[in-house]
Number of protein chains: 4
Amino acid sequence: METVKQTLKIGMIGAGRIGKLHAENLVSLDQVELKAISDIYVDKVIDWAKKIGIKITTKDYMDILNDPEIDAVYICSPTNTHAQMIKEAAEAGKHIFCEKPISFSAEETFEALKIVEQYGVKLQVGFNRRFDHNFKKVHDTVKNDVIGDPHIVKITSRDPEPPPAEYIKASGGLFMDMAIHDFDIARYVTGSEVEEVYVQGASLVDPVFKHYGDVDTAIITLKFENGAIGVIDNSRKAVYGYDQRVEVFGSKGSVSIQNDHPNTAEISTIQGVYRDKPQYFFLERYKDAYVVETKEFIYSLLQDSPLVCTGNDGYQAELIAKAAKESLELGKPIKIEQLKSEIMNS
Amino acid sequence: METVKQTLKIGMIGAGRIGKLHAENLVSLDQVELKAISDIYVDKVIDWAKKIGIKITTKDYMDILNDPEIDAVYICSPTNTHAQMIKEAAEAGKHIFCEKPISFSAEETFEALKIVEQYGVKLQVGFNRRFDHNFKKVHDTVKNDVIGDPHIVKITSRDPEPPPAEYIKASGGLFMDMAIHDFDIARYVTGSEVEEVYVQGASLVDPVFKHYGDVDTAIITLKFENGAIGVIDNSRKAVYGYDQRVEVFGSKGSVSIQNDHPNTAEISTIQGVYRDKPQYFFLERYKDAYVVETKEFIYSLLQDSPLVCTGNDGYQAELIAKAAKESLELGKPIKIEQLKSEIMNS
Amino acid sequence: METVKQTLKIGMIGAGRIGKLHAENLVSLDQVELKAISDIYVDKVIDWAKKIGIKITTKDYMDILNDPEIDAVYICSPTNTHAQMIKEAAEAGKHIFCEKPISFSAEETFEALKIVEQYGVKLQVGFNRRFDHNFKKVHDTVKNDVIGDPHIVKITSRDPEPPPAEYIKASGGLFMDMAIHDFDIARYVTGSEVEEVYVQGASLVDPVFKHYGDVDTAIITLKFENGAIGVIDNSRKAVYGYDQRVEVFGSKGSVSIQNDHPNTAEISTIQGVYRDKPQYFFLERYKDAYVVETKEFIYSLLQDSPLVCTGNDGYQAELIAKAAKESLELGKPIKIEQLKSEIMNS
Amino acid sequence: METVKQTLKIGMIGAGRIGKLHAENLVSLDQVELKAISDIYVDKVIDWAKKIGIKITTKDYMDILNDPEIDAVYICSPTNTHAQMIKEAAEAGKHIFCEKPISFSAEETFEALKIVEQYGVKLQVGFNRRFDHNFKKVHDTVKNDVIGDPHIVKITSRDPEPPPAEYIKASGGLFMDMAIHDFDIARYVTGSEVEEVYVQGASLVDPVFKHYGDVDTAIITLKFENGAIGVIDNSRKAVYGYDQRVEVFGSKGSVSIQNDHPNTAEISTIQGVYRDKPQYFFLERYKDAYVVETKEFIYSLLQDSPLVCTGNDGYQAELIAKAAKESLELGKPIKIEQLKSEIMNS
């Protein structure tokens, strides 16, 4: 039997906020060398890259794909570049970690995944919540049959404040940009595919969403293949902080997770009992999950073991997002099966 | 100005479980005399009635309506008798407390309310949760603008176990029998009417529900006139007990209530940290709410002040139930306005 | 075998706040007739007594003790009258419910209990917390060996505000007036007697306590016969409301109770997460416990079954209070055994 | 004004569990070079040291003290070596981070601190809890006068399981080994010195403690200079995990912290509601606090700003531990002032 590869060499494409986060997590790992980083504004990241010990910085991501030493790439560039880069990376024989969503178009994603399959590389999608202590506990509890067959799934997912207008414009909309994480969690905690989607949406937070044909508030009903039904509620603005809760209710009980708080202190005064708000946003809340998702990715490459979050997981979530968008536009429930057929036959 | 009436004389129609509960709450109040009680199985209730000091027991509820001394009646007979009795009681000039729902048919309810209005009597509907410490706190918090404009309303309402098959058969279905409370709470906590309803339902608990054309599990999406959106999730069987929670999320924050527990004890052992299940079912959970709803009804009669829960509140909840049933059958969202028009023009 | 007595006739001595509370609980019970009430200011209570259906009102409590129809008496007069009344009631063959403490002097209490024993009547002391849902759960959890052998007992007991100066003056001091409930709970939840007491006390809330040789803040260390150790912390002023918590920690785990709240609502805003203060004071907090303690007393008389809270329970708590007072004065730990010997040999 | 030093060179003395922990935290910091490490079993740590990039490994800690490049040392060797090493390091002009306790003898500690003062180096003691999110929140809440003047302080501090017998033998006893953290926290959260100590202790967990003249369970009463009173309860074995809670109760309210849990999941089944136990022990619980304490130490050296936890903080905690031991032996309260005088005059 062959020995396990001792050290993985990684290249990073795109060094924005999330790319830098992954890079810093990578350099703290044993058995990993973050060899190169590319960014179209490479001048802005050279100092940072040097400080954390990255040898090569380049403007052109092809320098990374063409480097025969590099085993795997992190694609952290804007979403509209993902699908093309995945195809090229797969053709170059690199394993791939790609930030979510794979693309704004389920059709494009479908095409990219075909190439990935053809070249036999591994592809992990950046649904970091699967690696979070709370969400993982829900998943494990359901999987271990502690609550029996899932009947109802409830996901609350609210951001503390809306992104800037330019971001909203290019975001792909609430479903593709924000709820896509929740679609993945819905599949992850139930272990079932989604069959049908219905959306009731509104623009209550800021008229800018309406301006761009988007909503900022939504209630999304899901029907699962295993018979369960579910609901996601989203808001772009929870003034008290990032609100991330899940409940799965089943034949033998329920499991639910609450928000993480920066401390457990409770203060009682003549006015009442109060505590600090939950963790502010995803960088604070999912700090550890980002570390774990990269550890698990590296581990899967080193051990050649299955990924926790695959390209197909990315594709399925995008299908649900597409259905949600159609439901909102048409004001009626949409079946996923039909979308799938259209894509496969297109 | 006339002085406040010193003592109210009450008659009770129907002395089943809920009738007895109201009767015992009535006898403990000052300024109230529960003078008479009628039940078609009067023999079964005579001893109980005597013990709690009720003077008159009768098989015929007309004895109560014909008694000129009686100021108000409690209608606690089966639902299919309510509408007729409300009309007769109104014509006899009696104020009315009627258990929910007023009828299984929004049309019948509409007719009954016209008579109530015509005769100028007061009618309170038995939506007891409006008088509960938790639900009232949600209502007050929203009303006092603590959380700003409501954006999302979430109601969880699950029974600990399904009723017997015969009950299910005659219940009017999940929406009219069980969710009707939640429809009322949705209106109560938002202070807004419901515009549109969409239901995703399933029979996951017991095939008996499917057998009677009913569901035992549902996710109900609501759109409100004030722009808010909402969701109710129902199950006929939560093995851990009665599950009654509400959250209202708004522009300035959110308010949420958890279940009441029989005690606050938390036990930590090598296995983990655990506590007792929530209160088992509605009789335990809403014990105090039943007392308060009767106190408030009596108070409104004595002071001639507005009711907290009117006949119209009963009617609106029935309209939503009717819309929910149609949505389930047709697999699409239903607008309330259309139902209303049909009823008014029928 | 003789049949169970059908109805108990009760007399009440003293109709202040707590007497009235017991009286109203008694009249709501089956199998009980509250026949007579005595109060030295009888004029003030006649109307109230009439309204709740008490036949006899008198200034002289001997009218109650001399009434051969009366089976049992409630002694709710000032503490300094309890011991004498207990003796007289016992001699008159009446069963006795006596408010806490039995007296301000463990010697007097010891004498009164001898008479009670001699005449074979039952005596329940008004340690209402034994009948509370939370405290009872702690007791049951320990008794059922869920947490193993008790090692550490922690009791927090704080009032929301100090009583008036005149009350403080005549109260018998923090230990006899307030902590005596906690001494009883310490014995109740551990099922063990206290061997030794050490007090660290201070007057931090109001100088009036110091003025009367009293403290308003205390930490009381207890050593139990079964080897466990414990601590009580008391304050006369918790601005956020009545604070009543207990934890028992043992070889197999721990059980702890938190305060009861008026509702479960949690409000999240930009400032933080807050909820209402705990129940304000003992009348709200122990409303149900007062009902249960009277039900259990009546039940014990009717069934001739053991009392949950006996005269000896009152005596033991007074011994601990006496030891606490001595410890504070002398600045050293005091053994209960020695106090007991002194009393028995006096 | 002089510029801030760019990089600190650190030497580590002792590379056991806690030394390794500090070393790994140090290497992840900017502006720090962990240049050398000494351990009497240096062979065992060479591989580990190389992997994390430490240049020099040695058996003799004097190699570190004699290295003129080294700015500061971490003393993580056994307690009985601390005092001597502190003196030598101070004489060598090195700043010092020393694990707790400084020594087993308040006299020795006093002597070491005199040398530290004489040579003008900084000394931080490893009371890591001061840097924990929960404890810091209590401290800040009190300091910001949110709860007014502190009246009562309650600290619960229980280990999940006792250390091995050999450790117990050499530990210095419960007060010096374990409660010393709590003595520091008592001073930290109240901002006041302790005046008097009384201990009620027992050996309930394992007879090995009694065998070595130690206790495994204790209730420690504290009197503070600012008038507050406090209590610490300790156990060497909480089967449900590490139990670390604090409450400060004051004139304007209270602040309390609960345990940290590995997740927020709550599971409800027919048996009840349960959640996972708290974090298992100090390495999991205080993982972040260890990082912060080192960051703050480095920051204080770089900025020449005051330390959060000084040598005097170590000394004061040892004085309280000494008083606690005496109290247990003599069965009476002990004043700190007297211990201080004895030490200063010895």
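Excluded from the calculations below are hydrogen atoms, water molecules and symmetry mates; all remaining heavy atoms, backbone and side chain alike, are included. Chain naming here is simple, since letters A, B, ... match the order of the sequence lines and numbering starts at 1 in each.
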Quiz item: Out of curiosity, B/Arg275 CZ to D/Arg275 CZ, how far, rounded to the nearest 0.5 Å?
Solution: 12.0 Å
Practice problem: Look up atom CD in B/Gln271 and atom OH in D/Tyr274, then write down how far apart they are to the nearest 0.5 Å. | Solution: 10.5 Å
Exercise. Decide side-chain contact (heavy atoms from CB on, under 4.5 Å) for D/Thr269 and B/Lys277; before the verdict, give the C-alpha distance in whole Å, the side-chain angles of both, and the deciding distance to 0.1 Å.
Key: CA-CA 8 Å; D/Thr269 71; B/Lys277 288 181 287 184; over 6 Å; no
Practice problem: Could you pull out the closest heavy-atom pair between D/Ile270 and B/Val239, with the gap in Å? | Solution: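 Heavy atoms only, the tightest pair is CG1-O, 3.7 Å.
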Quiz prompt | Nearest atoms (heavy-atom pairs only) where B/Asp276 meets D/Val273 | solution = O-CG2, 3.9 Å
Quiz item: More than 12 non-hydrogen atoms from neighbouring residues, nucleotides or ligands closer than 6.0 Å to NZ on D/Lys136, yes or no?
Solution: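 Check fails, neighbour count at 12 or below.
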